Asks: 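Sharing a structure, written as structure tokens. Questions coming.
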Amino acid sequence: MENGTHVNHQGGGGGGGGGLVDTTAATITIKGILSLLLQNVDEAESKKRLISLGMGDPTAFSCFHTTHIAQEAVVDAIQSDKFNGYSPTVGLPQTRRAIAEYLSRDLPYNLTTDDVFVTSGCTQAIDVTLAMLARPGANILLPRPGFPIYELCSAFRNLEVRHFDLLQESGWEVNLDAVEALADQNTVAMVIVNPGNPCGNVYSYQHLEKIAETAKKLRILVIADEVYGHLAFGDKPFVPMGVFGSTVPVLTLGSLSKRWIVPGWRLGWFVTTDPCGTFRKPKVIERIKKYFDILGGPATFIQL
């Protein structure tokens, strides 16, 4: 299926005219196949619990709960009767400011509200990013193993996907030689997921610096998926890719989902961590804002 193999289902029956369904890799998604498999697993019969290593939902396990402070804040916002209307398409000003201040804590420069765009979860942030970068003939470099939503969104945007391997023997670091070999004049960006999904790796400062230098050499930007930011255990602290924003333009994607254990609240962000101002050019900002005008962001009261 992933290589484009055709699967034909010949339908027989009463009237004689059988139906022919032609299913290709363009219409079959990894998530769809996973859903079919999960529907057909009988955990009671196997006596073993199935653990999904795909999209993480911490609420599926009873030992994980969000804080009462977060719940009470949402209740207060609803009961205030002040947040029942539409929010600005790019997000409430106070929400954008709070995200900018939160992310700036770990950066050598300060973000502003103009750098932050509020999305309906990190998945929408991914789609926004790829929509902004798509153009005829463009390609994007994705990690393998990686989060399959990037491939799905790229297919919808007609972005050619080129995979670089993560090196298991080096703690799932990026194969930078492969990145250089894959990139050409039509490459728009490379994606890194840090902390990693599905491998659980956490990149060191030194490795992220090498990624930034490689991207600068290739004249491409870095999309940093940091939805698992700060959920790092062991001797490697989480370092945001935005630390190297002065070396190469970085688009930082994240959400409340994992750290606050509220994936169903659907609040994420698309942030231009770019102190050199590549994304602050009037035409770029105008294009981003116009795209957000056609999107439905998260509920207004969730943004509080």
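Nothing here was measured: the structure is a model prediction, and the numbers come from that model. Residues take their numbers from the sequence shown, with the count starting at 1.
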Asks: Please list, chain by chain and in numerical order, all residues satisfying ring pair (Phe, Tyr, Trp, His ring centres under 6.0 Å) with F292, sequence neighbours excluded.
Replies: F117
Asks: Which heavy atom of G297 sits nearest to which heavy atom of S120, and what is that distance?
Replies: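 Between these two residues, the closest heavy atoms are C-CB, 4.2 Å.
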Asks: Taking the side chain as every heavy atom from C-beta outward, state whether L107 and T273 have any atom pair closer than 4.5 Å.
Replies: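 Yes, close enough: below the 4.5 Å cut-off.
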Asks: Side chains of Q303 and S87 only: does a donor on one sit below 3.5 Å from an acceptor on the other?
Replies: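 A donor-acceptor contact under 3.5 Å links the two side chains.
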Asks: Given the rule in the side chain to side chain contact (heavy atoms under 4.5 Å, CB included) test, do E226 and F238 qualify, once you have shown the distances and angles that lead to the verdict?
Replies: CA-CA 10 Å; E226 297 176 350; F238 166 67; 3.7 Å; yes
Asks: Would you say D115 and F270 make side-chain contact, with heavy atoms under 4.5 Å?
Replies: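 They are not in side-chain contact.
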Asks: Do V74 and F301 come within less than 4.5 Å of each other through their side chains, counting heavy atoms only?
Replies: yes
Asks: Side-chain contact, heavy-atom cut-off 4.5 Å: E209 with V243?
Replies: no
Asks: Ignoring hydrogens and angles, tell me if any N or O in the side chain of S170 forms a donor-acceptor pair with the backbone of W172 under 3.5 Å.
Replies: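 Looks like no, no N/O pair under 3.5 Å.
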Asks: How would you list, by chain and number, every residue that makes a side chain to side chain donor-acceptor pair (under 3.5 Å) with R266, sequence neighbours excluded?
Replies: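 None.
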Asks: For S80, enumerate each residue passing the side chain to side chain donor-acceptor pair (under 3.5 Å) test, keeping only those at least two apart in sequence or located in another chain.
Replies: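 Partners of S80 under the side chain to side chain donor-acceptor pair (under 3.5 Å) test: none.
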Asks: Does the side chain of L251 reach to within under 4.5 Å of the side chain of V271, using non-hydrogen atoms?
Replies: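 Counting from C-beta outward, L251 and V271 never come under 4.5 Å.
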Asks: Please check this pair: side chain of T300 against backbone of G85, looking for a donor-acceptor N/O pair closer than 3.5 Å.
Replies: yes
Asks: What is the distance from atom CD1 of I288 to atom CG of D293, rounded to the nearest 0.5 Å?
Replies: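 It comes to 12.0 Å.
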Asks: May I ask you to say whether E286 pairs ionically with K290, meaning some side-chain N is under 4.0 Å from a carboxylate O?
Replies: yes
Asks: Taking side chain as C-beta onward, heavy atoms only, is V174 less than 4.5 Å from V179?
Replies: yes
Asks: Rounded to the nearest 0.5 Å, what separates atom CG in L221 from atom CE in M190?
Replies: 10.5 Å
Asks: Is a salt bridge present between K217 and E180, judged by a nitrogen-to-oxygen distance below 4.0 Å?
Replies: yes
Asks: Does either side chain, that of D225 or that of Y150, offer a donor lying less than 3.5 Å from an acceptor on the other one?
Replies: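 A donor-acceptor contact under 3.5 Å links the two side chains.
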Asks: When you measure from the side chain of D184 to the backbone of N186, do you find a donor-acceptor pair of N or O atoms at a distance under 3.5 Å?
Replies: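 Between the backbone of N186 and the side chain of D184 there is a qualifying donor-acceptor contact (under 3.5 Å).
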Asks: Has R96 got a side-chain atom pairing as donor or acceptor with V116's backbone, closer than 3.5 angstrom?
Replies: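 Answer holds: yes.
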Asks: Main chain of D114, side chain of T112: is a donor-acceptor contact present, judged purely on distance under 3.5 Å?
Replies: yes
